[in-house]
Amino acid sequence: MSTNFGKGCHLHLIDGSAFIFRAFHALPPLTRKSDGLPIGAVSGFCNMLQRYIDGNTGPDAPTHVAVIFDKGSHTFRNDLYDQYKANRDAMPEDMRPQIPLTREATVAFNIACKEQEGFEADDIMATLAHQARDAGGRVTILSSDKDLMQLVGDGVEMLDPMKNKLIDRDGVFEKFGVGPERVVDVQALAGDSVDNVPGAPGIGIKTAALLINEYGSLEELLDRAEEIKQPKRRQTLIEKREQIELSKKLVQLDCDMELDFTLDDLEVREPDPDTLMEFLTRMEFRTLTKRLADKLNVEAPAIPDTTPEGANPPADAPEWPAIDPEKYEHVSDLAALEAWVARARETGWVAVDTETTGVNDMTCDLVGISLSVQPGEACYIPLAHKANAGDDLFADNSLAPGQMPMSEALDTLRPLLEDPAVLKIGQNMKFDAKVFARYGVDVAPIDDTMLMSYAMNAGLHGHGMDALSERYLSHTPIPIKDLLGTGKKQITFDLVPIEDAVKYAAEDADITLRLWMTFKPQLHRTQVTRVYETLERPLVPVLAQMERHGIKVDRQTLSRMSGAFAQKMAQLEEEIHELAGESFNVGSPKQLGEILFDKMGLEGGKKGKTGAYATGADILEDLATEHDLPARVLDWRQLSKLKSTYTDALQEHINADTGRVHTSYLQSGANTGRLASADPNLQNIPVRSEEGRRIREAFVAEEGKVLVSLDYSQIELRILAHMAGIDALKQAFRDGQDIHAMTASEMFNVPMEEMTSDIRRQAKAINFGVIYGISGFGLARNLRIPRAEAQGFIDRYFERFPGIKQYMDDTKAFAKEHKRVETLFGRLIHTPEIAAKGPRAGFAQRAAINAPIQGTAADIIRRAMVQMPNAIADLPAKMLLQVHDELIFEVQEDAADDLIAVAKEVMEGAALPVVQLDVPLVVDAGKGANWAEAH
DNA sequence: AAATTCACG
DNA sequence: GACGTACGTGAATTTC
């Protein structure tokens, strides 16, 4: 066989994506026995490759062969037209992890496997087909994709591997009504709904072929469009000329790509038995392993029947080198950095970590970046470490030596960090992504080890890196305190000596990569891939955007309120001291308790281990009926709270650069799937009291804009009605009834017309109690009624709605059996305490009852948030805040109603299509110049 | 650092 | 029969 491709050579090009899709859909959802990894498509793919090899042995056998894959999702066609392939359904979750494995399979069979960034597989095939034809060889494309038919002719033909049908010039003519050279013209006119190529509206393949045959070419047709007799057709071709020409560019394959390999690299090779056997046994394909072992005359390796849970590391995880901070690389010049970028591109992923001067990602400065592409191999790129560290007396602002310019480093890293084909792995990646965004780098796509841990292990343990490293890698990372110190002498990271920083920072990247390699295969095993992929991973950029937008807060309003509160507090304090007969710290529960119970001798007892009197609001409220002092203290406390936590503290959080307040959402903060908000917490801005609600007046829209608030009405009760299957409640929600009044009517046999607000209030408390895992004691305390009476309410409630009791018992039983509960969307919430004895068991049971309800509501609003940026992309609106069942937007005033319509639709339909609730979700909306008006 | 209190859903 | 209890959060303050 000649070593140079030429006459007599026969090239086979296999459309890899088509093979994978066919394999995926043709086979039942097989999973790998040892760990549940979905493997059906890989299995089908291997069988197809094997059948292909077996069927190509005769005199017409190919001399060269390659399987061509797509790489990344962004190609030059997306630059031409951003809607290209935009209507494609997302890839099925079970399929995604199998894609890289099919590439591995191709390599294992020793068949050339090619892909190229920015191009579709079709372009590579087009280029190779042209090269091969020009060299005098023959080409067979194994695909039935009509987009490839433009390549047919002059020794290039297609073979539909499904029907085993040859597609030559006649075949193309049959399909398109024109020869291969005019296929793109027809496609440009007819468009393609699958790839979202617009084409000419109203013109299909038939008409297109007719026109092209009449005028000879698309260009001729467009130039002479005036001559067309049919008025509608003529008008379309004239008006949509640009769209048609764009469509042609989209369907035209690039036959002239620069490839980093030659045809000679595609020569047919025999598979290496060891490599192939290793792959097949790792996939645990028993039949195929045996069949190929026989064929290759080797011993079939044994495949263990099952792997004991957690006993062995996965077969594909080689022994990792120990974590050794001495071995990490200090990158200080462009060449070294470029080498790391190249390595990351080669692997297709890279763990990234940033070091900064602080923990606030909106205000800190970037100090350095660490990368890791393989366990044990990591580097740190210091960028802004100061010279003279530790000698603050003479410290100046000059940079320490051994650092490349930050702009050069960022310019070098940007293409990598923004490359859709390279996965960036981080621990709490939202932080790093926000820092990078402030330096003009949009990191994507990302994976986050913190969120992987959260998806798998919520409720079992925390998800910080130190905890994860201890637990899953048995390694204690270098404590940050060792570098920064603590307390008053604490320094910032830019003052850490670079040699110390290298060890610490690179170790973080190394650990993150190892955690990712540990967690990635476990996502499938624990059945949370969908949760991670739909509720966690895509939320990261959404939250990052919201946080970066922030909300405008008016300092003057807050400042004025602070002054008023201070005055009122001073007045109350004076009165309290007078009533007490002595001066004391009103803010001290200990001193207050002594005044109330020792000095004044009021009823009330000691509490807890500390022996201090309890002086909570509920106790003071009871005392307030008899005495003025506790009443005044209650007033004082309310003002104190509002002043210190809100009107004062919020001002501190107004960002100097943006003039806005930027909260930080904790995505893995709450075990149920809820978000938490911190620094500052914007999820607990007062609303229940009139005085408190006025603080919301300080949250304002920019000039010409308004704030819009949309909130789910009774979402948790609706979810309960669905999950517990309570027909009466479901019907009431469908009818849009007042659910608390309806509950009251059912329970107390009061007709709706005779409902009183007091009865309704009691029913409302019961409804909420149910969601929290009701107890007689708790309800009694909430309603301030005798415990026996509260228990009577609950008994009657369960009698009337036996399904609720059933749901609670079922949920408790499920939690006991599995040590966890689940939301409707498959989120896991672990409840290890459920097995505890004593009072803790009660806690755990109530938490287990509440978690699926609260968690499902959290899942639904997360789904809405993930969809929202796309849905409102065309509106002058930004999503700013989430408060558990409420989303707050800032929008150009004249577009507020459009936004409300769009956002409402997204929110009300957010459970679909995964979950079809038996009750409607209803969203209420409001708008105004500030949050108080919008709510 | 823990305990207490209180703001929200 | 007695435990002690509404579910989920974050922040400010006092106390140890």
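On a predicted model such as this, the values are computed, not experimentally measured, just so you know. So you know, we letter chains A, B, ... as the sequences are listed, proteins then strands, and number each from 1.
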Can a cation-pi geometry be assigned to A:Arg846 and A:Phe843, taking NZ or CZ under 6.0 Å from the six-membered ring centre and within 45° of the ring axis?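 Yes, a cation-pi geometry holds between A:Arg846 and A:Phe843.
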Euclidean distance for P, C:dT5 against B:dT5 (whole angstrom):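 The same atom, P, in both gives a distance of 14 Å.
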Measuring only the P atom in each nucleotide, how far is C:dG4 from B:dT4? A whole number of Å is fine.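 Their P atoms lie roughly 16 Å apart.
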Measure the distance from [atom1] on [X] to [atom2] on [N] and round it to the nearest whole Å.
X: A:Lys837; N: C:dG1; atom1: NZ; atom2: P; value: 20 Å
X: A:Lys590; N: C:dT15; atom1: NZ; atom2: P; value: 7 Å
X: A:Gln591; N: C:dT15; atom1: CD; atom2: C1'; value: 10 Å
X: A:His935; N: B:dC8; atom1: NE2; atom2: P; value: 10 Å

Regarding A:Ala858, tell me which of base, sugar-phosphate or nothing describes its non-hydrogen contacts under 4.0 Å with the strands shown.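 Nothing, no nucleic acid heavy atom in range.
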Give A:Thr615 one of three labels, base, sugar-phosphate or nothing, depending on what nucleic acid heavy atoms sit under 4.0 Å from its own.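 Sugar-phosphate: the residue A:Thr615, judged by heavy atoms under 4.0 Å, touches backbone atoms but no base.
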For the student: nearest non-hydrogen atoms of A:Gly826 and A:Val528, plus distance: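 Looking at all heavy atoms of both residues, the closest pair is O-CG1, 4.4 Å.
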Counting only Watson-Crick or G-U wobble pairs whose two distances fall under 3.5 Å, which nucleotide matches B:dT4?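 Per the H-bond distance test, C:dA12.
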Could A:Glu799 and A:Arg796 be called an ion pair, given the rule that one side-chain N must be under 4.0 Å from one carboxylate O?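 No, this pair does not count.
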Between A:Arg637 and B:dC6, does any side-chain N or O lie under 4.0 Å from OP1 or OP2?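 So the side chain of A:Arg637 is within the cut-off, an N or O lying under 4.0 Å from OP1 or OP2 of B:dC6.
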Can you check each nucleotide of nucleotides 5-12 of chain C against protein heavy atoms at under 4.0 Å and return B for base, S for sugar-phosphate only, - for none, in 5' to 3' order? BBBBSBBS
Which pairs of donor and acceptor atoms, one on a side chain in residues 858-866 of chain A, lie under 3.5 Å apart (sequence neighbours left out)?
residue: A:Asp859; atom: OD1; partner: A:Arg827; partner atom: NE; Å: 2.8
residue: A:Asp859; atom: OD1; partner: A:Arg827; partner atom: NH2; Å: 3.2
residue: A:Asp859; atom: OD2; partner: A:Thr823; partner atom: OG1; Å: 2.6
residue: A:Arg862; atom: NE; partner: A:Gly673; partner atom: O; Å: 2.9
residue: A:Arg862; atom: NH1; partner: A:Leu535; partner atom: O; Å: 3.0
residue: A:Arg862; atom: NH1; partner: A:Glu536; partner atom: OE1; Å: 2.8
residue: A:Arg862; atom: NH1; partner: A:Glu536; partner atom: OE2; Å: 3.0
residue: A:Arg862; atom: NH2; partner: A:Gln667; partner atom: O; Å: 3.1
residue: A:Arg862; atom: NH2; partner: A:Gly673; partner atom: O; Å: 3.0
residue: A:Arg863; atom: NE; partner: A:Ala910; partner atom: O; Å: 2.6
residue: A:Arg863; atom: NH2; partner: A:Leu912; partner atom: O; Å: 2.9

For residues A:Phe814 and A:Tyr807, establish whether the separation of their ring centroids is below 6.0 Å.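 They do not qualify: ring centres at least 6.0 Å apart.
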Aromatic ring centroids of A:Phe793 and A:Tyr797 under 6.0 Å?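 No - the distance between ring centres of A:Phe793 and A:Tyr797 does not fall below the 6.0 Å cut-off.
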